[in-house]
There are 4 protein chains.
Amino acid sequence: MEIVAAALALFAARGYGATKLEDVACAAGIAKGTIYLYFANKEDLFRAVVRQELLPALARIEAAIEVHTGPTQDLLRLLMAHFVQMIESELGGIPKLVVSEAGNFPEIAQFYADEVVARGMAIIERIVARGVDRGEFRPVEAARLTPVLVGPMLCMLLWRHSIGRHSAIGFDHRAVLETQIDILLRGLAPEPGA
Amino acid sequence: MEIVAAALALFAARGYGATKLEDVACAAGIAKGTIYLYFANKEDLFRAVVRQELLPALARIEAAIEVHTGPTQDLLRLLMAHFVQMIESELGGIPKLVVSEAGNFPEIAQFYADEVVARGMAIIERIVARGVDRGEFRPVEAARLTPVLVGPMLCMLLWRHSIGRHSAIGFDHRAVLETQIDILLRGLAPEPGA
Amino acid sequence: MEIVAAALALFAARGYGATKLEDVACAAGIAKGTIYLYFANKEDLFRAVVRQELLPALARIEAAIEVHTGPTQDLLRLLMAHFVQMIESELGGIPKLVVSEAGNFPEIAQFYADEVVARGMAIIERIVARGVDRGEFRPVEAARLTPVLVGPMLCMLLWRHSIGRHSAIGFDHRAVLETQIDILLRGLAPEPGA
Amino acid sequence: MEIVAAALALFAARGYGATKLEDVACAAGIAKGTIYLYFANKEDLFRAVVRQELLPALARIEAAIEVHTGPTQDLLRLLMAHFVQMIESELGGIPKLVVSEAGNFPEIAQFYADEVVARGMAIIERIVARGVDRGEFRPVEAARLTPVLVGPMLCMLLWRHSIGRHSAIGFDHRAVLETQIDILLRGLAPEPGA
DNA sequence: AATGAATGAGAATTCATTCAT
DNA sequence: GATGAATGAATTCTCATTCAT
């Protein structure tokens, strides 16, 4: 819906508290009162923004991973490419929003941790396990590796959707991605003797 | 000052807008009006929180790096250890706060980008360049490497100071750090033939 | 509007600072917040009170003067009668208000001086000049005469809208007016020999 | 006392409500708390300002009138000259202040009406009665004449201490005074035939 | 379904007043 | 006597929410 899209943009830019429903309505091209026909109140709208938009994206990634059959490093590349896409889309505002408002919406934080982060980590751990199983990676503990794998991308996502908007410092997402993949593949390469 | 410490804790936990000065005063053990003896208004207090606390910490890191003479990988470990310390201290709330409020305080975002991020990146680039110069690392472009180096730590910092507070998912900072260092050193190791 | 009328009454009675918007709202039979739908803030309301009410009254006097053709002393009586009317109406609160708040609203004072006082003085000077021209008055310098002409009425106006409300001393406006006209006509009568 | 003088200047310029005790203290060259050594509270200070300063001035006028023996028109001139003096001194701020704050300090208004206005009117009525008795003025009812006599001067006083401070329009007090005396003496001159 | 005028609870801010030094 | 740091009641202003149209 238009309202959710407008709300996402404004919530992400200003935060929950600083976003006026009047501005959301204005951005969505409707009147203030109309929001209340679709959402019980501001909190309800906020929850809808976080819930409705992210899960489909995650499902798409899971599906893409599922059907993949080639080398694990291609799978890794595929995953990262999805990430870069999200960084560059409006959707990237959601993680930023959840980080910002976690303190005021603990159940949103929990929902996000359970439904997005946990599932995302599971995807990655499966990829790593697959690589180890197939002898493409040396044996590593997947749990400890996850932050190393997603951290750089997540950081760039948050940067782009917050401080980066107000600074001249920018990152070439794709170049960083290549470097990251390069380091990872070398760092995970099986020991020559093994 | 007590006020700044109380304000940091509350701003980081709830965000700028959702923090009432009355609560800050209460947490600092003073009356509402007393805040106005030291800060012109709420914004002024916010700026003070961000500005006063972080620069000294950064300066300490810079000084520690400066005097180091051993192998570059030790330097890398030293840097990361500082990071882990910050993650685990109250200070870690500041980056989270700046990410959250960048949209409402563009000049704070800029200040942070210029004084903290740019300086932090410069430190890292110097370490990487040193490693390459000394033949400890293979030749790499430092700029592209920075997010790969700090991303994982930053992510854990933000996690710990936002969503992580409301989720059962936790990270073993030191274990992740070891994994990250391990991957990096292998990934940056000079080509055998070079 | 109801709001402006209520505000005039309260501002005139208590002054700008001592008037709470809640009381204005209450007197106007609306809620506090409603005022802000029509006026940006308290100052804006104050300005509206002063600006909206007085100019139409002045224009009416000017028009009445314009069409008059009889003896100048009748014109003088007409003018004074308008004054007495204003003294006795709610409108009389405005000059009192402007006098009281001139220090805090210099641009209101200026506006009042330019739009009300200067125009009022011009009207009087025209009447005096007409009387001299027609040989009804002896030659006098109009500028010096103006305070003499309007001072007594203005004083009674201010009295009625401030101290007089709290004192037993009262003036019979119409009797004073007659005395004033009497003195003036004798005092302005052409020299017998001239 | 310095405090009262500073308070008069500020109260007259800004009104009671808009005057901060801190500014009064500052203008008097003392600390805020010191005011409370001499006055119970802000209202008490306000009352002192109005009460202490004006009565001595009035007593001086009464005394001057008392001893006068010459023609009544000289007495009138003497009275007016006192007025002009007050207009031009800091003391002129008091009537302006009382007019402004009458609504918030009814007992000050009453005090002023009884002690200053009533006494002032009595002085004037005595002068007029004297002139009539001595055959210098034609018979007039003194009560109706008082506003005619003092109105012009009072108006200029209020102008000078409020709106006039913020406008280019100014009055030549002494010139207006001469005109006023001239009109009065002609207007009060005994009928030729009487 | 949609509107937008009206509401009023809630937060930032001010400043008279107090009191330990 | 004098100070000025600390207080908290009081006021302006905002904005989520309601509801008559």
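Side chains included, hydrogens not; waters and symmetry mates left out as well; all remaining heavy atoms used. Residue numbers start from 1 in every chain, and the chains themselves are labelled A, B, ... in the order their sequence lines are given, proteins ahead of strands.
Atoms NE2 and CG, on His161(D) and Leu91(D) in that order, are 8.5 Å from each other to the nearest 0.5 Å. Distance check, rounded to the nearest 0.5 Å: CG of Leu21(B) to CZ of Phe39(B) gives 10.5 Å.
Within 6.0 Å of CD on Glu2(D) lie no more than 12 heavy atoms contributed by other residues, nucleotides or ligands. Enclosure of atom CD in Glu22(B) is not indicated, since only 12 or fewer non-hydrogen atoms of other residues, nucleotides or ligands lie within 6.0 angstrom.
No option in Leu54(D), Leu55(D), Leu58(D) other than Leu55(D) meets the side-chain contact (heavy atoms from CB on, under 4.5 Å) test with Glu115(D). With Phe105(C) as the partner, the side-chain contact (heavy atoms from CB on, under 4.5 Å) test is satisfied by one option alone out of Phe111(C), Tyr112(C), Phe46(C): Phe46(C).
As rounded to whole Å, 11 Å separates atom P of dT12(F) from atom CG of Leu45(C). Atom-to-atom, CD1 of Ile30(C) to P of dT7(E) comes out at 7 Å; the value is rounded to the nearest Å. Taking atom CD1 of residue Ile35(D) and atom P of nucleotide dG1(F), one finds them 15 Å apart after rounding to whole Å.
Counting any heavy atom pair closer than 4.0 Å across all strands shown, Phe39(C) reaches no nucleic acid atom.
Between Glu101(D) and Val50(D), the closest side-chain pair of non-hydrogen atoms is not below 4.5 Å. Between Ser167(D) and Val117(C) the shortest side-chain heavy-atom distance does not fall below 4.5 Å.
For Leu37(D), the listed nucleotide lying nearest its side chain is dA2(F); candidates were dT7(E), dA2(F), dG4(E).
Among the duplex regions that DNA chain E forms, those built from at least three successive Watson-Crick or G-U pairs under 3.5 Å are E:2-21 with F:2-21, ordered by first number.
Of all heavy-atom pairs between Gly17(A) and Lys42(A), the closest is O-NZ, 3.7 Å. The two residues Lys96(A) and Leu158(A) make their nearest non-hydrogen contact at CA-CD2, 3.6 Å.
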With B for base contact, S for sugar-phosphate-only contact and - for none (protein heavy atoms under 4.0 Å), nucleotides 9-16 of chain E reads BBSSBBSS
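Residue Tyr38(D) places at least one side-chain N or O under 4.0 Å from the OP1 or OP2 atom of dA2(F).
Of the residues in residues 2-15 of chain B, none lies under 4.0 Å from DNA chain F by heavy-atom distance.
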Decide yes or no on side-chain contact (heavy atoms from CB on, under 4.5 Å) for Val49(A) and Phe11(A), but give the supporting numbers first. CA-CA 9 Å; Val49(A) 165; Phe11(A) 281 150; 4.2 Å; yes
